[in-house]
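Read through the structure below, which is laid out as structure tokens, and then see the notes.
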Protein chains: 2
Amino acid sequence: MVVKVYGPDFASAKRVLVCLIEKEVEFETLPIDIIKGQNKDPEFLKLQPFGVVPVIQDGDYTLFESRAIMRYYAEKYKSQGTDLLGKTIEERGVVEQWLEVEAQSYHPAIDNLVIEILFGRKRGIPPDAKVIEESEKKLAKVLDIYEERLSKSKYLAGDFFSLADLSHLPFTKYLADMGKMYLIEERKHVKAWWDDISNRPSWKKVFSSRWPLLE
Amino acid sequence: MVVKVYGPDFASAKRVLVCLIEKEVEFETLPIDIIKGQNKDPEFLKLQPFGVVPVIQDGDYTLFESRAIMRYYAEKYKSQGTDLLGKTIEERGVVEQWLEVEAQSYHPAIDNLVIEILFGRKRGIPPDAKVIEESEKKLAKVLDIYEERLSKSKYLAGDFFSLADLSHLPFTKYLADMGKMYLIEERKHVKAWWDDISNRPSWKKVFSSRWPLLE
């Protein structure tokens, strides 16, 4: 059964694509054109009532929320492809901890920058310097903690690549598009971590597909 | 081994307490006085580098982020107490989906209201009517989707109480403190769901402990 992934052009969906590649799960992508309002089509809302992407269909099983989808495939194919959850319940606990940090602290700070700078640029709205400054400060604080953490272990959850690292890929890429990669590069261990995870074939494949970054 | 839970006075920590009671895991609570800055003590920062609660210690295992801690205990004691993850990998997927909706959509909307109304009241800062209106609108939109979902299944992830429902308890309680319980009560299925989950002995015990709601 080939997994259908709706909305491959969007950053959150790329988390799912990288995860499926790491787990060696076959998939096909179905673009969702938000400009045309396809995300508000009654048929799409039956799959995803919030009208956002990604959502997957796997036979008659439907699931949305990128991090939930990743957890599902990482668990379903535990022993196939890259193990992304750790070997023990304790290791999985630490994976979940850093995955929550990504979702609750790292992602919101970058997302605010993306909305202000990239969305603003697309719509011709000048960015709000105060929002940018505050978001960058929040992100820097999170990255300081990552720097300390990554000085002790190669990846966030330990010495193994996991969902916690993977989940950072698509939105960190936006830092380059916003000229803010120095936030990563000026931190030695964060830089080494980013160089490592962003060079994984799974991410290179998803990234080099050249789907438009913002629709 | 008794689990140590730091910061029981805070809403996020209450998620963990309810989970431990449901899983019949013994715990002790260690208050963290944020007014006195105990959350920034070097010793505390060794446990939780972001300086927030909750954090748990279980022997020499330390974990932070309330939803990660809940997942850990729900999995570690899968067959003890209430099963909070579903019976199959597919059911767990749906639990994770709604747990992500809580974390990404429901929680941020209520949290904005709490900061604006309750924190503002404590600090003598008048609330920003626009922020309140926008947050309430966002929350109402999420609750409309819950209403539809809960017309089809008793709980968010299906016909079983799970981490997805549990995670809503502490912050939904704030709606009462803010005079906004009508958002729940004007939706028939959401109201029935809230009446059900808020009457669980685990929540009543955590709630009736009368820890201060905001420090």
Side-chain angles (χ1 to χ4, degrees), chain A residues 12 45-46 48-52 54-56 58-78 85-86 88-108 111 138 141-142 144-149 152 157 163-164 167, chain B residues 12 45-46 48-52 54-56 58-78 85-86 88-108 111 138 141-142 144-149 152 157 163-164 167:
Chain A
S12 303
L45 291 175
K46 277 186 200 164
Q48 215 302 0
F50 293 88
V52 294
V55 51
I56 64 98
D58 192 343
D60 56 5
Y61 188 64
T62 301
L63 205 61
F64 55 84
E65 283 290 342
S66 62
R67 296 175 192 88
I69 300 169
M70 290 199 307
R71 286 180 178 102
Y72 172 68
Y73 284 106
E75 195 170 337
K76 184 174 179 183
Y77 299 106
K78 187 82 174 75
L85 293 172
T88 62
I89 292 178
E90 280 65 37
E91 283 186 357
R92 174 155 187 179
V94 182
V95 171
E96 293 290 353
Q97 169 184 287
W98 290 103
L99 190 50
E100 283 292 331
V101 170
E102 182 274 325
Q104 300 292 329
S105 301
Y106 187 85
H107 175 78
D111 203 33
K138 275 185 196 170
K141 215 173 147 186
V142 176
D144 284 343
I145 292 169
Y146 282 21
E147 179 66 6
E148 168 69 13
R149 170 69 186 169
K152 289 172 190 158
L163 286 187
S167 199
Chain B
S12 302
L45 290 175
K46 277 185 200 166
Q48 215 303 359
F50 293 88
V52 294
V55 51
I56 63 100
D58 193 342
D60 58 5
Y61 188 64
T62 302
L63 205 62
F64 56 83
E65 283 289 341
S66 62
R67 297 177 192 85
I69 300 169
M70 293 199 306
R71 286 182 178 102
Y72 172 68
Y73 284 105
E75 194 169 337
K76 184 174 179 183
Y77 299 106
K78 187 79 175 77
L85 293 172
T88 61
I89 292 176
E90 280 65 36
E91 283 187 357
R92 173 154 189 179
V94 182
V95 171
E96 294 289 353
Q97 170 183 287
W98 290 103
L99 190 51
E100 283 292 331
V101 170
E102 183 273 326
Q104 300 291 330
S105 301
Y106 187 85
H107 175 80
D111 202 34
K138 274 185 197 171
K141 215 173 148 185
V142 176
D144 284 343
I145 292 169
Y146 282 22
E147 179 65 7
E148 169 70 12
R149 170 70 187 169
K152 289 173 190 157
L163 286 187
S167 199

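Just so it is clear: chains get the letters A, B, ... in the order the sequence lines come, proteins before strands, and each one is counted from 1.
Residue contact with chain A, scored on non-hydrogen atoms closer than 4.5 Å, involves the side chain of B/Ile145 exclusively. For B/Val101, the parts lying under 4.5 angstrom from a heavy atom of chain A are both the backbone and the side chain. Contact annotation for B/Tyr73: neither backbone nor side-chain heavy atoms come within less than 4.5 Å of a heavy atom of chain A. Heavy atoms closer than 4.5 Å to chain B are found in the side chain of A/Gln104, but not in its backbone.
Shown here for A/Gly86 and A/Val95, the closest heavy-atom pair between the two residues is N-CG2, 4.4 Å.
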Inset, instruction - Apply the test side chain to side chain contact (heavy atoms under 4.5 Å, CB included) to residues A/Phe64 and A/Val52: give CA-CA distance (whole Å), side-chain angles for both, the deciding distance (0.1 Å), then the verdict. - result: CA-CA 9 Å; A/Phe64 55 84; A/Val52 294; over 6 Å; no

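Listed options B/Arg149, B/Glu96, B/Glu90, B/Lys141 were ranked by heavy-atom pairs under 4.5 angstrom with chain A; first place goes to B/Glu90. Chosen from A/Glu148, A/Arg71, A/Lys76, the residue pairing most often with chain B at heavy-atom distances under 4.5 Å is A/Arg71. Among A/Asp58, A/Asp144, A/Val94, the residue making the largest number of heavy-atom pairs under 4.5 Å with chain B is A/Val94. When the candidates A/Ser66, A/Gly93, A/Pro108 are compared by the number of heavy-atom contacts under 4.5 Å with chain B, A/Gly93 comes out ahead.
Atoms CD and NE2, from B/Glu100 and B/His107 in turn, are 13.0 Å apart once rounded to the nearest 0.5 Å.
A donor-acceptor distance shorter than 3.5 angstrom exists from the side chain of A/Gln48 to the backbone of A/Phe50, with no hydrogens or angles considered.
The pair B/Glu75-B/Arg92 meets the salt-bridge criterion, with a side-chain N (NZ, NE, NH1 or NH2) lying under 4.0 Å from an Asp/Glu carboxylate O.
Between B/Tyr146 and B/Tyr106, the ring-plane angle classifies as parallel under the 30° and 60° cut-offs.
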